[in-house]
Asker: 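Let me give you the structure first, and then I'll get to my questions.
Because only heavy atoms are used, hydrogens play no part in the values below, and waters and symmetry mates are left out as well, while side chains stay in.
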Amino acid sequence: MIVVTTNDLPGYRVVKHFGVVRGITVRSRSVIGNIGGAIQSVFGGKLSVYTNLAETARQEAFDLLVRHAEEMGANAIIAMRYDANEIMDGITEVLAYGTAVAVEPI
């Protein structure tokens, strides 16, 4: 699967549009994660507990996005984006979305 953030794919021609695809996940921080993050914040610098949580959520949303496009028969996703919203304190939704297409080399 080819995934790009651009609206076109140099060297390829879009031969079919399948429409919008998305992958969504909702994650929360654990009590242990909050304690670890609080300890790390005392010393400053990178908060690896939260960085890992954010990266895991983005990867999960991305994987779901790709699966959704594959189920539609696409071989590429163009105009891919991420969005994130805090649903409530400590609970975050991460959305990956884009346009599923079929492409062929020019």
Side-chain angles (χ1 to χ4, degrees):
M1 178 72 60
I2 301 169
V3 181
V4 296
T5 58
T6 56
N7 293 328
D8 59 356
L9 189 54
Y12 291 85
R13 170 179 45 246
V14 173
V15 295
K16 185 173 183 179
H17 283 82
F18 293 95
V20 174
V21 288
R22 81 285 174 264
I24 186 170
T25 188
V26 177
R27 292 286 189 158
S28 67
R29 298 182 305 245
S30 69
V31 172
I32 293 171
N34 281 334
I35 293 169
I39 292 169
Q40 285 183 331
S41 69
V42 169
F43 297 102
K46 180 180 174 182
L47 301 176
S48 61
V49 171
Y50 296 130
T51 302
N52 292 338
L53 176 64
E55 182 55 36
T56 299
R58 286 186 193 99
Q59 187 63 54
E60 185 173 319
F62 181 86
D63 293 344
L64 292 168
L65 167 77
V66 169
R67 186 178 322 146
H68 187 199
E70 289 172 343
E71 289 170 356
M72 297 175 86
N75 66 351
I77 300 169
I78 57 175
M80 185 270 177
R81 302 286 187 269
Y82 285 108
D83 191 17
N85 298 294
E86 189 172 48
I87 294 174
M88 59 186 297
D89 190 37
I91 299 177
T92 303
E93 164 203 45
V94 176
L95 170 68
Y97 63 96
T99 302
V101 294
V103 297
E104 62 184 26
I106 295 175

Asker: Specify the closest pair of heavy atoms between M1 and N75, including all atoms of both residues, with the distance to one decimal.
Answerer: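 That would be SD-C, 3.5 Å.
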
Asker: How close do G98 and L65 get, heavy atom to heavy atom, and via which atoms?
Answerer: N-CD1, 4.0 Å

Asker: If you compare all heavy atoms of V103 against all heavy atoms of A76, which two are closest, and at what distance to 0.1 Å?
Answerer: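 So the two residues come closest at CG2-CB, 3.9 Å.
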
Asker: Can you tell if the side chain of I91 reaches within under 4.5 Å of the side chain of V26, non-hydrogen atoms only?
Answerer: yes

Asker: Would N7 and I78 count as a side-chain contact (heavy atoms from CB on, under 4.5 Å) if you check the C-alpha gap in whole Å, the side-chain angles of each, and the deciding distance to 0.1 Å?
Answerer: CA-CA 6 Å; N7 293 328; I78 57 175; 5.6 Å; no

Asker: To the nearest 0.5 Å, what is the distance between OG1 on T5 and OH on Y82?
Answerer: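 One finds 10.5 Å between OG1 of T5 and OH of Y82.
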
Asker: If you look at every heavy atom in R27 and A57, which pair is closest and at what distance?
Answerer: CG-CB, 3.7 Å

Asker: Locate the shortest heavy-atom distance separating A84 from T92; write the atom from each residue and the value.
Answerer: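 The pair with the smallest heavy-atom distance is CB-CG2, 4.3 Å.
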
Asker: Once you round to the nearest 0.5 Å, how far does OG1 of T99 lie from CZ of R81?
Answerer: 9.0 Å

Asker: Count the heavy atoms of every other residue, nucleotide or ligand shown that sit under 6.0 Å from OH of Y12, and state whether that count exceeds 12.
Answerer: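 No, not enclosed.
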
Asker: How far does OH of Y97 sit from NE2 of H68, to the nearest 0.5 angstrom?
Answerer: 15.5 Å

Asker: To the closest 0.5 Å, what do you measure between CZ (R58) and CG (L53)?
Answerer: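 Output value for this atom pair is 9.5 Å.
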
Asker: With hydrophobic residues grouped by side-chain heavy-atom distances under 4.5 Å, do F18 and V3 end up in a single group?
Answerer: yes

Asker: Quick one: do V20 and V101 end up in the same hydrophobic cluster if we chain Ile, Leu, Val, Met, Phe, Trp and Tyr together by side-chain heavy atoms under 4.5 Å apart?
Answerer: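 Per the 4.5 Å side-chain linkage, V20 and V101 are not co-clustered.
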
Asker: Under 4.5 Å between side-chain heavy atoms, hopping through other hydrophobics if needed: is there a path connecting F62 to V21?
Answerer: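 Yes.
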
Asker: Report yes or no: do V4 and I77 belong to one cluster of Ile/Leu/Val/Met/Phe/Trp/Tyr joined by side chain heavy-atom distances under 4.5 Å?
Answerer: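 Looking at the clustering, I77 is in a separate group from V4.
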
Asker: Rounded to the nearest 0.5 Å, what separation is found between the CG atom of L64 and the CG atom of L95?
Answerer: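 Between L64 CG and L95 CG, I get 10.5 Å after rounding to 0.5 Å.
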
